Asker: 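This structure is in structure tokens; I'll ask about it shortly.
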Amino acid sequence: MREMTYEKLCEVIRETGKPYDMDMIARAYQVAEKAHGGQRRRSGEPYICHPLCVAQLLVELGMDSESVAGALLHDVVEDTNISLSQISREFGPSVALLVDGVTKLTKIEFSSLEERQAENLRKMLLAMSQDVRVMIIKLCDRLHNMRTGDAWPEQKRRDKALETMEVYAPIAHRLGISSIKEELEDRSLYYLDPIGYQHISEQLAQHDDSFLENICQVVRRHLEDNGIHNMIIKSRIKSVYGIYRKMYMQGKEFDEIYDIYAVRIILDTVAECYTALGLIHDMYHPIPNRFKDYISTPKPNGYKSLHTTVIGHETVPFEVQIRTREMDQNAEYGVAAHWKYKAGVTTRDKLDERLAWVRQLLESQQENGDVDELLQGIKSDLLPEEVFAFTPRGDVINLPAGATAIDFAYAIHSAVGNRMIGAKVNGHIVPIDHKVSTGEIIEVVTGPEDKGPSRDWLKIVKTSEAKNKIRSWFKKERREENIQEGRAALERELRRNNIRIPPEKWDEIMTELARRQHTNGVEEMYAAIGYGGLLVSKLMPKLKEEYQKLKVVEVKLTNAPIPTTHSSEGVVVEGVDNCPIKFAKCCKPLPGDEIIGFITRGFGVSIHKCDCANVKAAQENPENNGRFLPCRWEKNDRETYKATLEITAMDRTGLVGDIAVSLGDMRVPIYSMNAREGDNGRALINITLGTTNIEHLNSVVAKLKKVRDVISVVRV
Ligand code: MN
């Protein structure tokens, strides 16, 4: 290897074409050169080569003049008689701070992450949170030391490699600097498991990767033919350590790893990325379940890209990574992209975002002050060890260590998570908060579609993916609750004002009303009423006006006075008028059953049978005191009335059944029903049913109109 010189560094700086402060860099070099004087490295080369190489790494990362000067000076305070105050005088306080920070970091030793090292790690995080450039210089320093580690004695190699693997590579990963992270890992592995390293290198050498070049050309031509220009296409081979992890930790064979070979396509816009993805899937056969959209759901360290794995004509699977230029720079340089593109896209906010985890770690430790928890926090955040479990079908699910069965369920699909009621590991039932271990076969036991997650899960799950999916379920659910609440409130107010809008006019009037309120549709209007953003009283004048226009002729039920208070579903909740109710799905009470009401958080009162197991369980919980209400069936002491409806519908098999089911859902008693063939493939169905009042009948009519193929429903 050619010895590193100052001239070489200057050449590298010139090649960047960026306006570096060459005066400061030259002075830093002179001070360092003089201070290290006759010192030599263990390898025999002059010591100054080391800071020069570290400085070169920083230039390549795109770091600024102060960082380069700091790199040149990073060992002088530790190893020579130059003082920090001298550096501060000659180069200013920022450079002095960088040198001081790196010097302090160098003194911290982590032979392993034992408890006593937690305090050291905390110091390091603190230094990093003050100026992240300190850590970037330290990472480059470590990288160069690892590159030249062959000169170290065996024990020192292993110690440094372990420390690099446990502390520095994870930090590089969290800072998003993938180029440095990968090289640190590969070089550490080389010292920690030389045989495993060699084994993989040999297998890589055996495989002919020249097909990748061909693929790059074919892909470029196809994208250009489809109007995508100005692209960069690179091919890439997975790092040795990346392959090692999959082989030795996931127990895969070399040939079972699908992303050893990758083609990276770098484009101008996000839209082009998705277009290119479609084009790639046209060209090559995609492997199922291998598509990852890290653009819509970025990785925790901010990584964004589209990944898909396809099989080429050579039958070798390869990964295709598609991303924009900005995403690519961020993936390669991470935090450093802030300096590299200072004038361009990356802002201070993004840098802060990337460092937020450091501050969070420090803050959470200050709050609880518990060393154990502190160490756990550092370990789980800095050592994002992964576990790999299988679905019964054999799909691999990748999770961070400590993830639970719930995380597993949400990693499969949000619908699976939302329906989860239990889990089986290797055939045995486990608690829902079971911590997933590598190699387990996990079967998620699901309940009914509308089961939904529990709020407690937010405290149990480990992945942000699961957290987000649970939160979004509740957000969406609350919206539904708001809509129901809003509609119920509107209906109450209409009744209070004696306004009866015929069901067939309801949608039309409400749509117009929503338009006048500038809400985005009727549901949004209901939701706005539901959460209190829109006052029902504000809507009444307009509704009264509409009502007058309609001149609704009230259909009088034969000899039927309209009851003043009631519940349209046929249940009276004692002490509550017109309370929205729903029938519990667990025990499905029917008229005649002894029933009880339970005040739900979202939707009014749910009606259970008195002997329902859920009721008994809930009554034992003191939190539910006062949430139970006595209820009775309305028809027990109120008359029902017979009414006959004629339904016209397009005839089809199952029509009568659907109508009967619809009536059954509303618990409407059917006294008689006959169907006959009409003209033009239509069916006419006459139904005599029991109803309590006109409003109830109107709701029945509205519901029947929603049955598929029903054309009209009229009273006869
Ligand atoms: Mn050094």
Side-chain angles (χ1 to χ4, degrees), residues 1 3-6 8-9 12 25 28-61 63-84 86-87 91 95-111 120 123-124 127-128 131-153 156-169 171-172 175 177 179-181 183-184 187-188 191 336:
M1 193 167 58
E3 218 168 69
M4 182 65 188
T5 60
Y6 179 64
K8 174 98 191 292
L9 177 67
V12 174
I25 291 171
Y29 168 70
Q30 279 149 18
V31 169
E33 215 279 322
K34 204 167 152 225
H36 289 298
Q39 288 177 349
R40 293 203 167 257
R41 302 195 84 207
R42 198 181 280 270
S43 59
E45 58 180 2
Y47 194 90
I48 191 67
C49 291
H50 167 64
L52 280 169
C53 285
V54 177
Q56 181 185 346
L57 286 169
L58 284 151
V59 173
E60 284 165 358
L61 271 182
M63 297 302 292
D64 60 357
S65 302
E66 287 182 347
S67 304
V68 175
L72 288 169
L73 296 164
H74 82 269
D75 277 332
V76 298
V77 174
E78 175 74 358
D79 297 346
T80 77
N81 55 12
I82 305 273
S83 73
L84 208 55
Q86 187 185 337
I87 290 176
F91 299 96
V95 174
L97 200 87
L98 294 178
V99 174
D100 186 35
V102 178
T103 306
K104 280 179 181 152
L105 286 188
T106 305
K107 285 183 190 158
I108 300 174
E109 290 234 342
F110 311 90
S111 43
N120 283 339
K123 278 186 201 152
M124 189 161 77
M128 185 168 22
D131 191 334
V132 73
R133 292 179 297 177
V134 169
M135 185 51 73
I136 297 174
I137 296 171
K138 184 64 201 170
L139 288 171
C140 291
D141 175 39
R142 176 50 60 99
L143 179 57
H144 184 248
N145 284 335
M146 292 299 286
R147 281 182 181 177
T148 53
D150 284 348
W152 287 331
K156 186 172 180 182
R157 280 189 206 170
R158 296 191 64 87
D159 287 351
K160 290 284 174 195
L162 196 64
E163 188 181 88
T164 302
M165 198 68 110
E166 287 195 327
V167 178
Y168 291 103
I171 287 177
L175 293 177
I177 314 173
S179 53
I180 288 189
K181 175 216 165 209
E183 191 178 340
L184 285 176
R187 292 192 180 271
S188 300
Y191 291 138

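Note that the structure is a prediction, hence the values are computed from the model and not measured. Sequence positions, counted from 1, serve as the residue numbers for this chain. Counting convention: from 1, in listed order, for ligands and their atoms alike.
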Asker: In sequence, state the C-alpha distance, the side-chain angles, and the governing distance for Leu184 and Lys181, and then conclude on side chain to side chain contact (heavy atoms under 4.5 Å, CB included).
Answerer: CA-CA 5 Å; Leu184 285 176; Lys181 175 216 165 209; 5.9 Å; no

Asker: Would you check if Thr148 and His50 make a side-chain contact, meaning some heavy-atom pair closer than 4.5 Å?
Answerer: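 Of all side-chain heavy-atom pairs linking His50 with Thr148, none is under 4.5 Å.
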
Asker: For Asp100 and Thr103, does a side-chain donor sit closer than 3.5 Å to a side-chain acceptor?
Answerer: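 Distance-only check fails for Asp100 and Thr103.
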
Asker: Considering residues at least two apart in sequence or located in another chain, which fulfil the side chain to side chain donor-acceptor pair (under 3.5 Å) criterion with Gln30?
Answerer: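 If we apply the side chain to side chain donor-acceptor pair (under 3.5 Å) test to Gln30, skipping adjacent residues, there are no hits.
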
Asker: Which protein N, O or S atoms lie under 2.8 Å from the Mn ion (ligand 1)?
Answerer: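 Metal shell, protein only: His50 NE2, His74 NE2, Asp75 OD2, Asp141 OD1.
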
Asker: Hey, are the side chains of His36 and Asp75 touching, using non-hydrogen atoms and a 4.5 Å cut-off?
Answerer: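 A side-chain contact exists here, since the closest heavy-atom pair is under 4.5 Å.
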
Asker: Could you give me the CA-CA distance, side-chain angles and deciding distance for Thr164 and Arg187, then say whether side-chain hydrogen bond (donor to acceptor under 3.5 Å, both in side chains) is met?
Answerer: CA-CA 9 Å; Thr164 302; Arg187 292 192 180 271; over 6 Å; no

